[in-house]
Amino acid sequence: MRWVTAALRGLLAAAAAMGTAELAAGALGRVSSSPLPAVGAGFIDLTPVWLKDFAIRHFGSDDKTVLLIGLAAGVAAAAPAIGLLGRRRLAWGLLGLAAFGTVGIVAALTRPVAEPVDAVPATVGALAGMAALTLLTRGTGGDARSRTAGLERRRRDTGPEPTTEPEQDAEPGQDAEPERPSAPGAEVGWRRALLTGAGVIGVAAVSGVSGRMLLRRGDVSSVRADVRLPRPVSPAPPVPAGAQVRVPGMTPFRTSNSDFYRVDTALVLPQVDPRDWTLRIHGMLARPVELTFDDLLRLALIERDITVSCVSNQVGGDLAGNARWLGAPLGPLLRRAGVLPGADQILSRSSDGMTLSTPLETVLDGRDAVLAVGMNGEPLPVAHGFPARLVVPGLYGYVSATKWVVDLKVTRFATDQAYWTRRGYAERAPVKTFSRIDVPKPFARLKAGPVAVAGTAWAQHRGIDAVEWQADDGPWRPARLAPGPGIDTWRQWVAEWDAVPGSHTLRVRATDKTGTTQPEPRSPPFPDGATGWHSVVVTVT
Ligand SMILES: Nc1nc2c(c(=O)[nH]1)N[C@H]1C(S)=C(S)[C@@H](COP(=O)(O)O)O[C@H]1N2
Ligand SMILES: [Mo]
């Protein structure tokens with residue numbers, strides 16, 4: 001029973017700490033300084049590549065929710081332990097809280113966009129948690145020392161008969177708490193303890209909720225709703241009528257914004273107000289420039305269908321999407337700024353301090369590399385980089401597709417490294433030719449007879465030339481390749497299979513327009529994209 005009270009004291013102290021820290025973060029208007037997001041972001045940065053691949057493989061775009069829930073569960077598990085420590089000796093519980101506070105402070109201060117004030121929320125939280133634990137412990141005679149003190153107080157209160165009670169041993173660890181006399185004074189003590197507990201819960205809840213509300217002040221969704229995008233001076237080439245293969249369950253040729261995969265390191269979505277946004281373009285340039293959002297909208301915008309894909313795709317993976325992007329061509333913008341000889345990299349930075357490196361030659365070789373503001377006819381969704389991001393056809397997202405972009409530095413690979421390249425990923429990462437069976441689904445049960453086999457293939461900026469498929473160890477046969485608007489988008493393919501009863505393996509491979517066919521051997525996504533043929537096992541009855 002007393003253990004339970006002690007554990008509860010720990011939980012309440014932790015709640016007070018988290019709530020007040022949230023309030024402080026809200027008052028500062030800095031989400032990245034709130035302990036859970038800060039520690040989570042630090043955790044993401046320290047995550048080894050294999051664990052990141054595991055998380056993406058198993059949780060996909062939900063990886064961040066899983067991480068936050070995991071951290072909250074960790075706090076919920078540690079809090080009772082702190083309460084129990086405090087039961088042995090209050091100072092130990094306080095030290096535990098201080099240790100957690102320190103982790104929060106260090107995490108907040110080591111964010112790439114950190115400012116000294118970011119130490120405030122975790123500090124406030126730790127102090128509030130310590131105050132709460134002290135109040136609660138004193139109130140319920142919770143630690144060995146205060147129990148003795150309480151006893152002495154009671155002795156004094158109950159008059160001059162001290163010899164009837166044995167001397168209590170106040171050594172921590174020994175359960176020295178005496179039976180509580182049912183004196184009226186004890187009841188008053190418990191009532192006070194309950195009131196203290198209720199007070200702590202109240203402070204935790206009110207501060208936590210108001211902190212949340214204050215943080216929501218920074219939300220840009222209503223500003224986004226008011227953005228009016230100009231028409232492109234160069235509209236997207238038409239998408240041929242047959243680009244969408246008509247097979248039930250087939251992937252849509254155009255990915256809607258709500259279905260578009262999301263991969264980034266941002267635990268909390270950056271809220272960037274376009275009215276405050278500027279893009280600094282500097283480094284090895286004769287004439288560095290700085291653009292406001294209005295400047296950007298006044299440029300001659302183009303609209304293009306471009307497929308974006310992630311290096312973390314396993315064979316058959318679905319971290320790819322095809323959208324219609326509206327944006328300013330990046331190549332001409334850099335040329336006007338006068339690229340100096342020797343430069344070979346664009347180091348881009350997002351508002352949350354994430355860095356991506358892009359080979360300069362890919363942006364200057366005439367492809368439709370854009371500083372995008374629109375996605376499928378709307379301003380970019382916040383999760384996809386509002387108000388502006390990069391899109392470079394032909395490169396994996398981690399070397400090209402910077403969301404919430406605020407800074408472009410023209411530099412050299414020998415001088416600057418970006419987040420993922422520093423972690424061993426390839427500097428030059430053209431998308432590998434990729435083909436996937438979308439229908440039938442793995443382990444589908446099918447009726448014997450004609451079955452439509454269909455899927456998606458991509459090799460952005462080289463283009464897909466042919467897709468072949470195979471049932472079991474039969475011959476490779478050409479699939480019908482659906483038309484597409486150009487070499488920067490994926491293509492759909494379909495074939496008719498005369499399915500006979502039994503268990504079967506279907507395989508697919510694509511050839512790009514340089515004449516290179518996907519290799520069979522499987523390699524993992526690290527360091528420059530997975531290879532191998534996708535296969536699906538089905539049962540025909
Ligand atoms: N600011 C920022 N931009 C980023 C990333 C990121 O972590 N932060 N991830 C990149 C990666 S790895 C990919 S695959 C694409 C994914 O873009 P999407 O989330 O819009 O699909 O964004 C890229 N741009
Ligand atoms: Mo990615």
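Predicted model, so just to flag it, every value in this text is computed and none were measured. Counting starts at 1 for both ligands and their atoms, in listed order.
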Among residues two or more places apart or on two chains, list those pairs meeting salt bridge (charged side-chain N to carboxylate O under 4.0 Å, His left out) that have a residue in residues 42-65.
D45-R111, K64-D264

Any W325 side-chain heavy atom under 4.5 Å of R304 side chain
no

Taking only residues two or more places apart in sequence, or in another chain, which ones meet D273 in a salt bridge (Lys or Arg N to Asp or Glu O under 4.0 Å)?
R275

Tabulated below should be the N or O atoms of ligand 1 paired with protein N or O atoms at under 3.5 Å; can you produce that?
unit_1, atom_1, unit_2, atom_2, d
ligand 1, 1 (N), S350, OG, 3.3
ligand 1, 1 (N), K403, O, 3.1
ligand 1, 3 (N), K403, N, 3.0
ligand 1, 7 (O), T265, N, 2.9
ligand 1, 9 (N), V263, O, 3.2
ligand 1, 17 (O), R389, NH2, 3.0
ligand 1, 19 (O), V263, N, 3.1
ligand 1, 19 (O), K403, NZ, 2.5
ligand 1, 20 (O), H384, ND1, 2.6
ligand 1, 20 (O), R389, NH1, 2.8
ligand 1, 20 (O), R389, NH2, 3.3
ligand 1, 21 (O), Y261, O, 2.6
ligand 1, 24 (N), A401, O, 3.0

How about L356 and V399: do any of their side-chain heavy atoms sit closer than 4.5 Å?
no

Counterpart residues, side chain to side chain contact (heavy atoms under 4.5 Å, CB included), relative to R335 (two or more places apart):
L364

Does any N or O in the side chain of Q492 come within less than 3.5 Å of the main-chain N or O of G242, such that one atom is a donor and the other an acceptor?
no

